[in-house]
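Only a predicted model underlies this, so the values are computations on that prediction, with no experimental measurement involved. Both counts, for ligands and for their atoms, begin at 1 and track the order of listing. Positions are given from 1 along the sequence.
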Amino acid sequence: MDRPKIVRYEKPGKVENYPCGAIRVGTLVQDNAGWRILKPVIDHGKCVMCLRCFLLCPDGVIDKSGKILEIDYRFCKGCGICARECKVEAIEMVREGGDEDAG
Ligand code: SF4
Ligand code: SF4
């Protein structure tokens, strides 16, 4: 049996070439069940479009196809990974239905 070949790791030059972030917006078939209590809100004035949140969102609900990032709240589960990982603190987790709920 052939042994697996070792492939030298080359850092991808483009975000699209990273192995994660493969789940695209629109591929989840079940929306969230309404138990989310916090939701991420992006401050587009602070966002530097590094796409770290896009790559790390486990549900692939951050859409980067437009000029600004958009979160599909139908499927976002409110885990907060995007907010935690954003290096410029451009994502705030806000309470659903609260005064600060901007959208
Ligand atoms: S991680 Fe933060 S700065 Fe980077 S794209 Fe997401 S919101 Fe923008
Ligand atoms: S809160 Fe979780 S599921 Fe929602 S956009 Fe952020 S990382 Fe994705």
- prompt: Would V88 and I91 show up in the same hydrophobic cluster when neighbours are defined by side-chain heavy atoms closer than 4.5 Å?
  reply: no
- line: CZ (R52) and SG (C47) are apart, to the nearest 0.5 Å, by 13.0 Å
message: What I want to find out is whether R36 reaches E96 closely enough, with some N-O distance under 4.0 Å, to be called a salt bridge.
response: yes
- request: Go through ligand 2 atom by atom and flag the ones less than 4.0 Å from a non-hydrogen atom of C79.
  value: 1 (S), 2 (Fe), 3 (S), 7 (S)
statement: Expected contact list for ligand 1 at under 4.0 angstrom, heavy-atom basis, is C47, V48, M49, C50, L51, R52, C53, L69, C86, V88, I91
For V61, the ligand 2 atoms whose distance to one of its heavy atoms is below 4.0 Å: 5 (S), 8 (Fe)
- prompt: Of the backbone and side-chain N, O or S atoms of C76, does one lie nearer to atom 4 (Fe) of ligand 2 than 2.8 Å?
  reply: yes
task: Taking only heavy atoms of P58 into account, list the atoms of ligand 2 that are under 4.0 Å away from them.
output: 7 (S)
message: Rounded at 0.5 Å granularity, tell me how far NZ in K77 sits from CG in D59.
response: 3.5 Å
- request: Please round to the nearest 0.5 Å and tell me the distance separating atom SG of C82 and atom CG of L55.
  value: 12.5 Å
message: Quick check for you: to the nearest 0.5 Å, what is the distance between K64 atom NZ and M49 atom CE?
response: 8.5 Å
I81 CD1 to C53 SG distance, which is reported to the nearest 0.5 Å: 12.0 Å
Atom pair NZ/NE2 of K67 and H44 - distance to nearest 0.5 Å: 14.0 Å
- prompt: Which ligand 2 atoms, with their elements, are less than 4.0 angstrom from a heavy-atom of G78?
  reply: 1 (S), 4 (Fe)
